[in-house]
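Read the structure below first, then the notes.
We use all heavy atoms of the structure for the numbers below, so side chains are in, but hydrogens, waters and symmetry mates are not. Keep in mind it's a predicted model, so treat the numbers as computed, not measured. Chain naming here is simple, since letters A, B, ... match the order of the sequence lines and numbering starts at 1 in each.
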2 protein chains.
Amino acid sequence: MSAPRTARERARAELTQAIKDTARRQLADVGSRALSLRAVARELGMVSSAVYRYFASLDELFTALIMDAYNAVGEQAELADTEAREAGATPAERWLAVSRAVRAWAIAHRHEYELLYGTPIPGYAAPQDTIAAASRTPFTLVRICNDAIAEGATFPADRPTVTPDLFDENMTGLVNDPTFAYPGRIVLAWSGLIGVITFELFGQFNGVITDFAAYFDYTARATAAELGLT
Amino acid sequence: MSAPRTARERARAELTQAIKDTARRQLADVGSRALSLRAVARELGMVSSAVYRYFASLDELFTALIMDAYNAVGEQAELADTEAREAGATPAERWLAVSRAVRAWAIAHRHEYELLYGTPIPGYAAPQDTIAAASRTPFTLVRICNDAIAEGATFPADRPTVTPDLFDENMTGLVNDPTFAYPGRIVLAWSGLIGVITFELFGQFNGVITDFAAYFDYTARATAAELGLT
DNA sequence: ACAAAAATGAGAGCACTGCTCTTGACGCTC
DNA sequence: GAGCGTCAAGAGCAGTGCTCTCATTTTTGT
């Protein structure tokens with residue numbers, strides 16, 4: 001990611017980006033299963049073996065696309081939350097705004113969404129950078145809850161909670177809630193949010209729901225209510 | 001599905017099953033992306049073109065595997081619920097039992113689960129039969145709620161609800177609840193259940209949760225509580 | 001019982017894929 | 001300007017899904 005110093009480095013950086021861009025374009029057309037390194041090379045007017053100078057394998061190209069996609073959806077989520085917060089929205093309204101932003105991105109970038117939350121690519125091993133990029137969206141949800149707690153929100157009583165020992169160490173201090181009622185429920189809310197979007201995109205709601213957008217809003221509101229957000 | 005009358009029909013039925021079985025075996029080994037019709041034919045000692053007499057395309061073979069998988073997990077769900085009910089379990093306990101059964105099946109048949117709830121196979125068009133098979137598991141959850149309603153359970157007050165017009169017509173009469181509070185929430189619970197299992201299987205919980213089984217039980221209990229099941 | 005019809009398996013072949021290796025040309029550094 | 005590292009290109013390998021043709025076998029109709 002360092003700045004290109006020589007002409008060759010600049011050309012390399014540009015071509016690397018061009019490969020990713022055309023790959024992303026073809027991904028939108030044919031889906032991840034049919035994405036072909038040779039077709040990408042063809043569209044760029046180069047021979048297939050030349051692409052291997054930039055990505056050692058198709059899996060590596062996929063990994064790069066996944067990284068970019070995690071950052072893209074994370075950026076949308078952060079943006080939606082920041083805008084809502086600056087407009088004076090309540091935590092519940094911010095939750096809805098972020099949920100909508102994630103869904104909108106998923107619909108607009110269906111096949112990139114599949115890369116993130118669909119069947120994992122077998123040869124793809126998530127490096128440390130990927131984890132950070134993947135955390136941007138859920139951390140946005142955590143931020144909303146932390147702000148709500150700071151404003152005096154409390155977790156609804158009489159609901160199942162979870163002990164902190166089920167969670168990884170680096171998760172325990174994330175939410176400002178010593179009872180750990182929030183963190184356990186936030187993770188469930190997060191997986192539920194992706195679950196609803198996935199069901200809609202992957203056709204599990206066909207023949208069940210007719211108005212996807214309206215139903216999604218309901219799910220987001222219901223989830224926020226279950227977190228005690230108002 | 002009619003009974004084989006001639007020897008050729010019997011041989012055809014057996015070979016069709018043998019192809020599916022070895023395909024399922026190879027699927028467990030290499031995953032759906034690497035499943036090869038030629039490799040299946042090789043293992044069966046036949047030439048690849050012969051397999052096309054039984055499945056017109058790889059997509060058609062996938063469709064058959066998907067049908068079988070939907071029925072397999074649905075059967076496990078129904079079995080778990082029936083056993084729990086006959087043992088005198090409460091609706092909440094039955095919900096937990098069914099949830100656990102689905103998760104257990106998913107872990108034991110990872111790649112078949114991917115076929116059902118992961119990225120859809122592009123060339124696969126769900127016929128009417130597939131919808132019926134896919135409905136077995138969620139209908140089991142509906143049955144639990146109906147039994148609970150029959151026993152006098154009521155939907156928790158002060159929670160967001162949804163109007164019936166968002167749902168397909170053939171869904172409206174499914175749950176014995178004129179207010180339609182249950183159906184909207186059941187669908188969310190269903191997608192949430194699959195969302196949690198998918199997150200665990202697809203690695204989204206790596207670095208977040210350590211004790212998957214314990215956390216899953218919590219999510220199932222929390223979901224049951226949100227439906228007002230006791 | 002015998003011929004026509006249908007179904008089946010084998011093989012060759014096409015177009016495509018990911019990936020490797022070698023070759024020759026170019027740009028950068030000293 | 002010489003030497004080195006990087007680069008695109010091409011050939012080639014093993015594998016894929018799928019189609020076509022050609023015998024062989026089984027079922028069916030008369």
Pick base, sugar-phosphate or nothing for R42(B), based on heavy-atom distances below 4.0 Å to the nucleic acid. sugar-phosphate

Reading DNA chain C in the 5' to 3' direction, which nucleotide is the first one with an atom under 4.0 Å from a heavy atom of chain A, and which is the last? dT17(C) to dT29(C)

5′-ward residue of the pair A39(A)/A50(B) relative to DNA chain C: A50(B)

Rounded to whole angstroms, how far apart are CZ on F62(B) and C1' on dG17(D)? 12 Å

Contact residues, residues 22-32 of chain B to DNA chain D [heavy atom, < 4.0 Å]: none

Could you grab the distance from atom CD of E60(A) to atom CD1 of I121(A), nearest 0.5 Å is fine? 14.0 Å

Distance under 6.0 Å and angle within 45° of ring axis: R136(B) vs Y70(B): no

Any donor-acceptor pair under 3.5 Å linking the side chain of D211(A) with the backbone of A214(A)? yes

Could you tell me if Q17(A) and D21(A) have a donor-acceptor pair between their side chains, going purely by distance under 3.5 Å? yes

Sequence neighbours excluded, the answer for salt bridge (Lys or Arg N to Asp or Glu O under 4.0 Å) partners of R110(B) is E114(B)

Could you work out, with side-chain hydrogen bond (donor to acceptor under 3.5 Å, both in side chains) as the rule, every residue matching D217(B), not counting sequence neighbours? R100(B)

Determine the contact category for Y54(A): base if any of its heavy atoms lies under 4.0 Å from a base atom, sugar-phosphate if only primed atoms, P, OP1 or OP2 are that close, otherwise nothing. sugar-phosphate

Once you apply a heavy-atom cut-off of 4.0 Å, does L15(A) come out as touching a base, just sugar-phosphate, or nothing? sugar-phosphate

Can you list every side chain to side chain donor-acceptor pair (under 3.5 Å) pair that touches residues 187-198 of chain B, not counting sequence neighbours? Y113(B)-T198(B)

Check for a donor-acceptor pair, side chain of T119(B) on one end and backbone N or O of T119(A) on the other, with a separation under 3.5 Å. yes

Would you give a per-nucleotide map of nucleotides 18-28 of chain D, 5' to 3', where B means the base has a protein non-hydrogen atom under 4.0 Å away, S means only the sugar-phosphate does, and - means neither? BBB----BBSS

Considering every strand and a 4.0 Å limit on heavy-atom distances, what is the contact class for L44(A): base, sugar-phosphate, or nothing? nothing

For F55(A) and F62(A), I'd like to know if the aromatic rings sit close, meaning centre-to-centre distance below 6.0 Å. no

What about the rings of Y215(A) and Y218(A), do their centers lie closer together than 6.0 Å? yes

Ionic contact status for D147(B) with R143(B), cut-off 4.0 Å: no

